Amino acid sequence: MWQNTGVYPGDQSQGGYPQAGYPQAGYPQAGYPQAGYPQGGYPQGGYPQGGYPQGGYPQGGYPPPPQPGFQSPSAYGGGGYGEAGYGGGLGEDADVKGFDFNDQSIRKLFVRKVYSILMTQLLVTMAFITLFVYHAPTKLWVQKNPFMFWIAFAVVLVCLIAMACCPSVRRTAPMNFIFLGIFTVAESFLLGVTSSMYQSEAVMMAVGITAAVCLALTIFAMQTKWDFTMMGGALIVATVVLLIFGIVAIFVKGKVVTLVYASLGAIIFSLYLIYDTQLMMGGKHKYSISPEEYIFAALNLYLDIINIFIYILTIIGAARD
């Protein structure tokens with residue numbers, strides 16, 4: 001039986017609660033009861049309007065959903081956005097800005113692609129040289145039709161200028177492979193015609209020496225600490241000097257002049273082979289070629305090897321003449 005204690009049930013100022021239960025406005029202003037949440041669970045209306053308890057989230061519950069705006073570093077696992085606490089971090093360095101040309105995996109794939117194309121070119125060229133040197137009817141047909149040499153020479157110039165001066169030609173597939181294939185066939189035809197003017201022993205000796213020199217220079221370019229990519233200007237000057245020397249050698253004929261000219265040409269293009277190899281490798285070198293330029297890189301190496309072969313064949317022919 002209720003006793004008169006001076007506290008009426010509806011009088012909150014005296015510590016009493018209304019008969020209906022808790023106040024309609026929510027939990028008491030003093031906070032939650034010290035013992036925790038009511039035993040009956042959360043109120044039917046959901047979470048209190050005043051927010052979560054100051055002591056932290058309920059035991060066994062889930063954290064609140066993310067709020068709009070910047071979150072403190074303590075949110076989402078203690079890392080916040082851009083740090084290791086949220087998916088490993090998404091800072092500025094993690095933005096996708098294209099391929100990293102210095103990445104070793106991309107560079108190795110690029111080198112394999114370049115050497116695959118180069119080996120195909122060299123095999124085609126070697127097949128033409130062998131045909132023109134050892135097949136007598138083919139050699140006789142070339143001697144009776146010299147205009148084919150000039151047609152092939154014009155095709156080589158057109159394809160070379162197109163691939164060197166037009167990035168869209170050498171970067172767009174399959175156009176780049178078509179131009180490179182036509183250039184390789186025409187250049188191989190020129191080399192076959194040139195080789196047919198020498199003895200077969202001299203040609204095979206030049207092929208062997210060229211293969212040994214190019215292999216040694218490639219290994220040297222990959223292993224040396226010297227950076228040849230900074231020698232581009234010096235190589236251009238040496239090429240201009242060689243060109244002038246070649247024009248003079250047309251009018252001043254002689255065995256000594258031919259040997260000196262061919263020796264200088266072999267040395268200069270050997271340096272070009274090292275230069276182009278290091279440009280292709282990239283990495284520790286100051287300058288490097290883009291992995292998108294695999295056709296251009298293969299073309300550079302092919303021209304270096306072909307020029308070394310021509311000058312070595314000239315030296316052998318002049319020494320035997």
Side-chain angles (χ1 to χ4, degrees), residues 121-122 125-126 128-130 132-133 139 142-161 163-165 183-214 216-217 220-221 228 231-277 299-321:
Q121 291 178 280
L122 293 177
T125 303
M126 188 62 190
F128 270 83
I129 292 175
T130 304
F132 278 77
V133 170
K139 182 186 298 187
V142 170
Q143 293 176 356
K144 291 182 179 180
N145 300 278
F147 67 92
M148 292 297 297
F149 179 88
W150 299 109
I151 293 177
F153 184 75
V155 172
V156 166
L157 286 181
V158 172
C159 293
L160 185 60
I161 293 173
M163 288 187 291
C165 300
F183 170 81
T184 303
V185 172
E187 183 68 27
S188 300
F189 180 85
L190 292 179
L191 288 175
V193 174
T194 304
S195 300
S196 64
M197 300 178 182
Y198 293 86
Q199 296 180 358
S200 59
E201 295 82 4
V203 175
M204 292 298 107
M205 185 182 297
V207 170
I209 294 175
T210 302
V213 169
C214 293
L217 292 177
F220 172 77
F228 285 82
M231 296 179 57
L235 290 175
I236 292 177
V237 173
T239 306
V240 173
V241 173
L242 182 66
L243 176 62
I244 297 174
F245 192 1
I247 296 175
V248 174
I250 295 176
F251 302 99
V252 182
K253 297 183 180 296
K255 183 176 181 179
V256 176
V257 175
T258 302
L259 288 174
V260 172
Y261 171 74
S263 300
L264 288 177
I267 293 174
I268 291 174
F269 281 95
S270 296
L271 294 175
Y272 263 115
L273 181 60
I274 300 175
Y275 172 78
D276 291 328
T277 301
L299 179 64
N300 289 337
L301 295 176
Y302 177 75
L303 289 177
D304 296 337
I305 296 174
I306 291 305
N307 279 282
I308 293 173
F309 168 74
I310 292 175
Y311 287 118
I312 291 178
L313 183 61
T314 304
I315 294 174
I316 296 175
R320 288 190 170 190
D321 190 7

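If you read the sequence from its start, that first residue is 1, and numbering goes on from there. Just so you know, these numbers come straight off a predicted model, no measurement behind them.
- Atom-to-atom distance recorded for Cys214:SG and Ile306:CD1 is 9.0 Å, nearest 0.5 angstrom.
- Under the 4.5 Å side-chain criterion, counting only non-hydrogen atoms from C-beta, Leu299 is in contact with Phe183.
- Below 30°, between 30° and 60°, or above 60°: for Phe132 and Phe128 the angle between ring planes is below 30°, a parallel geometry.
- Residues that satisfy the ring-ring contact (aromatic ring centres under 6.0 Å, His included) test with Tyr272, not counting sequence neighbours, are Phe269.
- Partners of Ala266 under the side-chain contact (heavy atoms from CB on, under 4.5 Å) rule, at least two apart in sequence or in another chain, are Tyr311.
- Going from atom CE of Met231 over to atom OH of Tyr275 covers 10.0 Å, rounded to the nearest 0.5 Å.
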task: Tell me, with the steps shown, if Ile316 and Ile312 meet side-chain contact (heavy atoms from CB on, under 4.5 Å).
output: CA-CA 6 Å; Ile316 296 175; Ile312 291 178; 4.0 Å; yes
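- Here the closest heavy-atom approach between residue Ala186 and residue Ala152 is recorded as CB-O, 3.8 Å.
- Residues satisfying the side-chain contact (heavy atoms from CB on, under 4.5 Å) test with Ile161, not counting sequence neighbours, are Cys165.
- Considering Asp304, Leu271, Leu303 as possible partners of Asp276, the one that fulfils the side-chain contact (heavy atoms from CB on, under 4.5 Å) test is Asp304.
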- request: Apply side-chain contact (heavy atoms from CB on, under 4.5 Å) to Thr184 and Tyr302, showing your working.
  value: CA-CA 9 Å; Thr184 303; Tyr302 177 75; 4.2 Å; yes
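- Across Ala318 and Thr258, no two heavy atoms sit closer than the pair CB-CG2, 4.1 Å.
- Partners of Phe147 under the side-chain contact (heavy atoms from CB on, under 4.5 Å) rule, at least two apart in sequence or in another chain, are Asn145, Ile151.
- Here Leu259 contributes atom CG and Leu264 contributes atom CG; the two are 11.0 Å apart, rounded to the nearest 0.5 Å.
- The distance from atom OG1 of Thr277 to atom CZ of Phe220, rounded to the nearest 0.5 Å, is 11.0 Å.
- Annotation: side-chain contact (heavy atoms from CB on, under 4.5 Å) contacts of Val257 (sequence neighbours excluded): Phe245, Ala249, Val252.
- For Gly265 against Leu242, the heavy-atom pair with the smallest separation is CA-CD2, 3.7 Å.
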Using atom types as modelled, flag every donor-acceptor pair under 3.5 Å from a side chain in residues 191-210 to any protein atom, sequence neighbours excluded.
unit_1, atom_1, unit_2, atom_2, d
Thr194, OG1, Leu190, O, 2.9
Ser195, OG, Leu191, O, 2.8
Ser196, OG, Val193, O, 2.5
Thr210, OG1, Ala206, O, 2.6

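- Separating the CD1 atom in Ile268 from the CD1 atom in Ile308 is a distance of 11.5 Å, to the nearest 0.5 Å.
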